[in-house]
Amino acid sequence: MILQIIVSLLLLCVVVGADNSTFQFLIGGSGNDLFHSSAETADGGFVMAGKSDSAGSGNYDVLVVKFSVTGQIEWEKVFGGTGLDRAQYIMETSTGKLVIVGTTNSYSSQSYQYCFIAQLDADASLDWVVVVGTQTGNTQCHSVVQGADGNYAYTGYTTSAGQGNTDILFGILSPAGAHSILKIWGGTSTDWGWSIAHDSTGGFYVAGYTLSTLSTHNTIVANIAIDALSLDWYKAYGGGDNDVSNTVVKELDDGSLVICGNVQSYGAGTTNGFISKLTSAGGVAWSYSVGDYESSCSDVQQRSNGDIGLLCSVEYSIGTIVSKSTLIVLNSGTGAVIWSQVMDGAHNTLVATTAGFVVGGYTSDYGAVSVDAQASKLNYNGSITDCAYVYNEIEAVVTAFAMPSSDMTSFVYQDAGLPQIDVTASWSMINVDFTKDIVCVGTKQPSGQPSSQPSGQPSGQPSGQPSGQPSRQPSSQPSGQPSSQPSGQPSGDPTGAPTGQPSSQPTSEPTGQPSSQPSEQPSGQPSSQPSGQPSGDPTGAPTGQPSSQPTSEPTGQPSSQPTSRTSKPTSKPSDKSFEKAGGVIMTTVLGHLAIAAGVAFL
């Protein structure tokens, strides 16, 4: 019996030890490299997707990187056509495939944007690529999910069909790449689809925003019936200002759902991040704004214990106004803040794992060449062991507010009539071997909550809820706010290519931007985009990317950093630091178990 217990403990320690590493590192080549989406994989690792102009056949190609559970790179790929190709969302299927949706102008002589859906095999080879759209308008895809029947459902927007300037796009296709459903729906103005999730009945939730109901943009959420032939319900959420943008919808384990994004009608700042919990019928259970200057929230995930992880970009007063990635964990029942963690870099994608969180994005700090992709793995309490780039001493302000909602009845749900074209033969995929710069590595799991975690309640928190963060408001906003920044709006992605984003896109590129980068937005782009809409992508390629980006564009390297790596390796540095840390853990575990066994037999 004692021997069985020891063996069981040993196996448990091996699993926990393997999944207990924390790290933060950069990946990139000589150009701009960014992550925009991430997903956990069945082997315990994770995969991230975005775009790169460091390699490939076009101006930007889709970047996909597979990591082990300890952060070692298993493979790196770029693929695309001859134009701008960017991954917006990635998921792993039930059969181990990877499905990516995004935006491309490679098919249309770079005049218009097309939605693309691509499937990669388990060995990272390209199964197929299908594009949707026409050369009379722009079409983008932003999110994809696998349904209960194994098919893939995605959403986005199009200006090529529908009754408004822009209509929401909804499609379903098989694992072989064949469409069975392709619908559009919307009102008489601008309607965008940003995110999709399946519901417990086999149908789908789609979230985005609309200008078809009021003179300002509101968040919209719709429930699509299981047969995908009708809308069960659809509602608008928000007040009199722009309350929209990168709304992300996720179904929780109790059948409810959460959305997040930006609000201008509520909160202390001109633009604030927000999160709302909705019932399965669309009723509002609770809502909170995030931040007291400028902020936005880009991703939300539920962890295995039921808590909700919320990823935002928040401005803080630290001598001056600075923007930091902020991970907030809330109680799913009440919305009360459990803890928050602040990090350097522009993280915009979140994965909740059994051991903690994985976040991805990009940065121009730490000696990055132009803009480098950034990946971080945090432990269960949101920390990276011994990492100077994770801050415990500042907290996000979280404030309760009442989110109004209204039923909508004027939308038309109809066949899209858009062509679907297989372009697999014209897209190339290559292996890359980018530099991996390790910023922080740690393996020790701290006990309890972070030591600097206050026990006070957040501002506006309903009474009787669990304690969370205090509403520590900075006394005043110092001067020095970037003059080129649109009012109340984060700028997003630091590299500057055409995005399909609003006119508030900064006009200048950061230092180090390739001179071949296109400087104009493709024609046919909707002009009615909300004025506070971020670009979400520093390079400016077709995005529709969430707004949890820095509030000012990087102008190049920090003054303390060299303008480029002095000797950029041609191959990845070894991950001996991970292996060494794992060996120390296992040696310690085996030693303790041996002692325990000796004591037991005595």
Notebook entry, point to check: If you look only at pairs with a residue in residues 106-117, which of them pass as a salt bridge (charged side-chain N to carboxylate O under 4.0 Å, His left out), with sequence neighbours excluded?
Noted result: none

Notebook entry, point to check: Checking Thr155 side chain against Leu169 main chain: does a donor-acceptor pair fall under 3.5 Å?
Noted result: yes

Next item on the list: Using a 4.5 Å cut-off on heavy atoms from C-beta on, say whether the side chain of His36 contacts that of Asn348.
Entry: yes

Margin query: Keeping His142 on the side-chain end and Gly193 on the backbone end, is there a donor-acceptor pair under 3.5 Å?
Written below: yes

Margin query: Keeping Ser38 on the side-chain end and Val47 on the backbone end, is there a donor-acceptor pair under 3.5 Å?
Written below: no

Notebook entry, point to check: Can you find a side-chain donor-acceptor pair between Ser54 and Asp33 that sits under 3.5 Å?
Noted result: yes

Checklist line | Listed partners of Phe46 passing ring-ring contact (aromatic ring centres under 6.0 Å, His included), at least two apart | finding: Phe67

Check: Got a second to check how far Ser298's OG is from Leu311's CG, nearest 0.5 Å?
Finding: 4.0 Å

Next item on the list: Mind telling me whether Trp192 and Tyr157 have parallel, tilted or perpendicular rings, with 30° and 60° as the class edges?
Entry: parallel

Check: Within a strict 4.5 Å, meaning less than it, do heavy atoms of the Tyr112 and Thr159 side chains meet?
Finding: no

Item checked: Residue pair Cys297 / Asn262: nearest heavy atoms and the distance that separates them -> N-OD1, 3.7 Å

Check: Which is it for Val423 and Phe116 under the side-chain contact (heavy atoms from CB on, under 4.5 Å) test, yes or no, and what are the steps along the way?
Finding: CA-CA 9 Å; Val423 297; Phe116 80 80; over 6 Å; no

Margin query: For a disulfide bond (SG atoms under 2.5 Å apart) check, start with the C-alpha distance between Cys312 and Cys260, then their side-chain angles and the critical distance, and finish with the verdict.
Written below: CA-CA 9 Å; Cys312 305; Cys260 73; over 6 Å; no

Next item on the list: Please name all residues satisfying side-chain contact (heavy atoms from CB on, under 4.5 Å) with Ser376, sequence neighbours left out, ordered by chain then number.
Entry: Gln24, His347, Val359, Gln374, Leu378, Ile384

Note to self: side-chain contact (heavy atoms from CB on, under 4.5 Å), that's the test. Do Val358 and Met48 meet it? Break it down for me.
What the structure shows: CA-CA 10 Å; Val358 171; Met48 290 190 175; 3.5 Å; yes

Notebook entry, point to check: What pairs with Ala55 under side-chain contact (heavy atoms from CB on, under 4.5 Å), at least two apart in sequence or on another chain?
Noted result: Val78, Ile430, Val432, Phe434

Item checked: Nearest-0.5 Å distance, NZ of residue Lys77 to CG of residue Asn431 -> 3.5 Å

Next item on the list: For residues Leu120 and Met429, determine if any side-chain heavy atom of one lies less than 4.5 Å from a side-chain heavy atom of the other.
Entry: yes

Checklist line | Residues which pass side-chain contact (heavy atoms from CB on, under 4.5 Å) with Thr134, listed by chain and number, not counting sequence neighbours | finding: Thr136, Ser160, Leu418, Pro419

Notebook entry, point to check: Is a side-chain donor-acceptor pair under 3.5 Å present for Asp123 with Ser125?
Noted result: yes

Notebook entry, point to check: If we only count heavy atoms from C-beta on, is the Ile259 to Tyr205 side-chain gap below 4.5 Å?
Noted result: no

Checklist line | Gap separating the OG1 atom of Thr104 from the CG atom of Asp61, nearest 0.5 angstrom | finding: 9.0 Å

Next item on the list: Not counting sequence neighbours, list each pair that qualifies as a salt bridge (charged side-chain N to carboxylate O under 4.0 Å, His left out) and has a residue in residues 127-152.
Entry: Lys97-Asp127

Check: Do any pairs count as a disulfide (SG to SG under 2.5 Å) and have a residue in residues 63-97, sequence neighbours left out, and if so which ones?
Finding: none

Note to self: Once rounded to the nearest 0.5 Å, what's the spacing between atom OH of Tyr362 and atom OG1 of Thr349?
What the structure shows: 12.5 Å

Checklist line | Minimum heavy-atom distance Ala49-Ala87, with the two atoms named | finding: CB-CB, 3.8 Å

Note to self: Check whether Ser57 reaches the backbone of Thr82 with its side chain - one donor and one acceptor, N or O, closer than 3.5 Å.
What the structure shows: no

Checklist line | Flag, side chain of Arg303 to backbone of Phe357, donor-acceptor distance under 3.5 Å | finding: no

Check: When you measure from the side chain of Asp437 to the backbone N and O of Leu26, does any donor-acceptor pair fall under 3.5 Å?
Finding: no

Margin query: Strictly distance-based, threshold 3.5 Å: is any side-chain N or O of Asn379 a donor or acceptor partner for the main-chain N or O of Gly382?
Written below: yes

Next item on the list: Any chance you could measure Ile27, atom CD1, to Asp433, atom CG, to the nearest 0.5 Å?
Entry: 10.5 Å

Check: side-chain contact (heavy atoms from CB on, under 4.5 Å) with Ser195: which residues, sequence neighbours excluded?
Finding: Ser143, Val248, Val249

Margin query: If I compare all heavy atoms of Ile328 with all of Ser340, which pair ends up nearest, and what's the gap?
Written below: CG1-CB, 3.9 Å

Note to self: In the structure I gave you, are the side-chain heavy atoms of Trp75 and Val64 within less than 4.5 Å of one another anywhere?
What the structure shows: yes

Next item on the list: Tell me, please, which residues at least two apart from Tyr107 pass side chain to side chain donor-acceptor pair (under 3.5 Å).
Entry: none

Checklist line | Distance (rounded to the nearest 0.5 Å) between Tyr152 OH and Gln146 CD | finding: 5.5 Å

Notebook entry, point to check: Given side chains that start at C-beta, do those of Asp344 and Lys324 come closer than 4.5 Å, heavy atoms only?
Noted result: yes

Could you tabulate the donor-acceptor pairs under 3.5 Å formed by side-chain atoms of residues 172-181, not counting sequence neighbours?
{"from": "Ser174", "atom 1": "OG", "to": "Ala176", "atom 2": "N", "distance (Å)": "3.2"}
{"from": "Ser174", "atom 1": "OG", "to": "Ala178", "atom 2": "N", "distance (Å)": "3.3"}
{"from": "His179", "atom 1": "NE2", "to": "Tyr154", "atom 2": "OH", "distance (Å)": "2.6"}

Next item on the list: Taking all non-hydrogen atoms of both residues into account, name the closest pair between Ser295 and Gly273 and its distance.
Entry: OG-N, 2.9 Å

Checklist line | Residues Asp85 and Ser106: side-chain donor-acceptor under 3.5 angstrom | finding: yes

Checklist line | Chi angles and distances behind the side-chain contact (heavy atoms from CB on, under 4.5 Å) call for Ser323, Glu294 | finding: CA-CA 8 Å; Ser323 178; Glu294 302 302 303; over 6 Å; no

Notebook entry, point to check: Taking all atoms of both residues into account, what is the closest heavy-atom pair of Val99 and Gln119, and its distance?
Noted result: CG2-OE1, 4.2 Å

Item checked: Val132 side chain reached by Ile117 side chain, heavy atoms, under 4.5 Å -> yes

Notebook entry, point to check: For residues 37-49, which residue pairs qualify under salt bridge (charged side-chain N to carboxylate O under 4.0 Å, His left out), counting only residues two or more places apart or in two chains?
Noted result: Asp43-Lys66

Next item on the list: Could you tell me whether the side chain of Gln420 and the main chain of Val130 form a donor-acceptor pair under 3.5 Å?
Entry: no

Checklist line | Closest non-hydrogen atom pair between Asp372 and Gly28, with its separation | finding: OD1-CA, 3.7 Å

Notebook entry, point to check: Just by distance, with hydrogens left out, do Ser304 and Thr354 show a side-chain donor and acceptor under 3.5 Å apart?
Noted result: no

Next item on the list: Sort and list the pairs that fulfil disulfide (SG to SG under 2.5 Å) and have at least one residue in residues 74-127, not counting sequence neighbours.
Entry: Cys115-Cys141

Next item on the list: Could you tell me whether the side chain of Gln113 and the main chain of Gln140 form a donor-acceptor pair under 3.5 Å?
Entry: no

Item checked: Side chain to side chain, Gln341 and Asn381, heavy atoms closer than 4.5 Å -> no

Check: Going by atom types alone, do Asn32 and Tyr60 pair a side-chain donor with an acceptor below 3.5 Å?
Finding: yes

